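For reference, the structure discussed in these notes is given below.
Computed from a predicted model, the values in this text were never measured in an experiment.
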Amino acid sequence: MSDSFSNPTPQFGTAEYATAPGSNRCQFCQQPIGGTYYRVNAAMACLACAEKMRTEIDLDKHTAFVRALAYGIGAAVVGLIGYAVIAILLQGWVISYMSIGVGWIVGTAMMRGSNGVGGRHYQVAAALLTYAAVSMAAIPIWIHFAGARQPQLSLANIGSWLGRVVLLGLASPFIQLSGNPFWGAMGLLILFFGIRIAWRIAQGRPFGIYGPFVDSPTTPR
């Protein structure tokens, strides 16, 4: 994606429009604009620049999301490991506030991967990755404290065992709720805040191309 799209913010905040028609300039190529113009967020753009950025957006949408998803998965794995290690070091006393940190890490990593571009599908992915990282952290915790009680598995049944473990891990926030209603509810509430943080970060910056507009604006300096 071009620099004009990935970092257009400085121009948005400094746009000034002259009073005389025809004296307005495109905020991207600095060429004079006649009677037809577009808006890229708050910035005035000519037809050529608007069409160029629209094409770049369409071409980069898939690439940006895949890159953001890869960054988010990596961050989720880091969050899962960090959550599990701290819980094990504290002898099973899990600090549920770490869910908030996991949400922040996942959302921030996804926005780093997409260069700040977000949206609803980014938000859904960030929320799911945050939930998965926090809930699946229960698996290494359970394995650690099970110790010698772990069953001896053969290659024939290891697949079914892994499947059951994954399902138990994903359900772990609700399993804790049934075991200890108060702390389980607190854990779910904090997990919700972590997901909410990831959701808000993955919203990204607003970006839109509007127009065409026929008459040049006459906003005073």
| query | Side chains of Met98 and Ile86: does their closest heavy-atom pair fall under 4.5 Å? | reply | yes
| said: Could you check whether any side-chain N or O of Arg25 sits under 3.5 Å from a backbone N or O of Gln31, counting only pairs where one atom can act as donor and the other as acceptor? | reply: no
| query | Are Leu191 and Trp199 grouped together when hydrophobic residues (ILVMFWY) are joined by side-chain heavy atoms under 4.5 angstrom apart? | reply | no
| request: Heavy atoms only: give me the nearest Gly103-Ala198 pair and the separation to one decimal. | output: O-CB, 3.4 Å
| query | Are the side chain of Tyr122 and the backbone N or O of Phe65 linked by a donor-acceptor pair below 3.5 Å? | reply | yes
| Non-hydrogen atoms of Ala84 and Ala137 that approach each other most closely | CB-O, 3.9 Å
| task | Please report the shortest heavy-atom distance between Met110 and Gly72, naming the atom on each side. | result | CG-CA, 3.6 Å
| task | Ignoring hydrogens and angles, tell me if any N or O in the side chain of Tyr38 forms a donor-acceptor pair with the backbone of Ala43 under 3.5 Å. | result | no
| Closest approach of Ala133 to Val102 (non-hydrogen atoms, all atoms of both residues) | CB-CG1, 3.8 Å
| request: Decide yes or no on side-chain contact (heavy atoms from CB on, under 4.5 Å) for Met44 and Ile33, but give the supporting numbers first. | output: CA-CA 9 Å; Met44 184 182 295; Ile33 295 178; 3.3 Å; yes
| Can you find a heavy atom in the side chain of Tyr37 that is under 4.5 Å from one in the side chain of Asn24? | no
| request: Work out which heavy atom in Val106 is nearest to a heavy atom in Ala75; give both atom names and the distance. | output: CA-CB, 3.9 Å
| said: Quick one, Val124 and His121 - any side-chain contact, counting heavy atoms below 4.5 Å? | reply: no
| query | Under a single-linkage definition using a 4.5 Å side-chain heavy-atom cutoff for Ile, Leu, Val, Met, Phe, Trp and Tyr, are Tyr71 and Leu80 assigned to the same hydrophobic cluster? | reply | no
| What are the two closest heavy atoms between Ala125 and Leu69, and how far apart are they? | CB-CD1, 4.0 Å
| message | Applying side-chain hydrogen bond (donor to acceptor under 3.5 Å, both in side chains) to Arg120 and Gln123, what does each step give before you reach the verdict? | response | CA-CA 5 Å; Arg120 184 54 53 88; Gln123 292 175 300; 3.2 Å; yes
| field | Pairwise side-chain contact, Leu47 with Thr36, heavy-atom cut-off 4.5 Å (strictly under) | value | no
| query | Going by heavy atoms in the side chains, are Thr130 and Ser99 under 4.5 Å from each other? | reply | no
| request: Would you indicate whether the side-chain heavy atoms of Val40 and Tyr210 approach each other to under 4.5 Å? | output: no
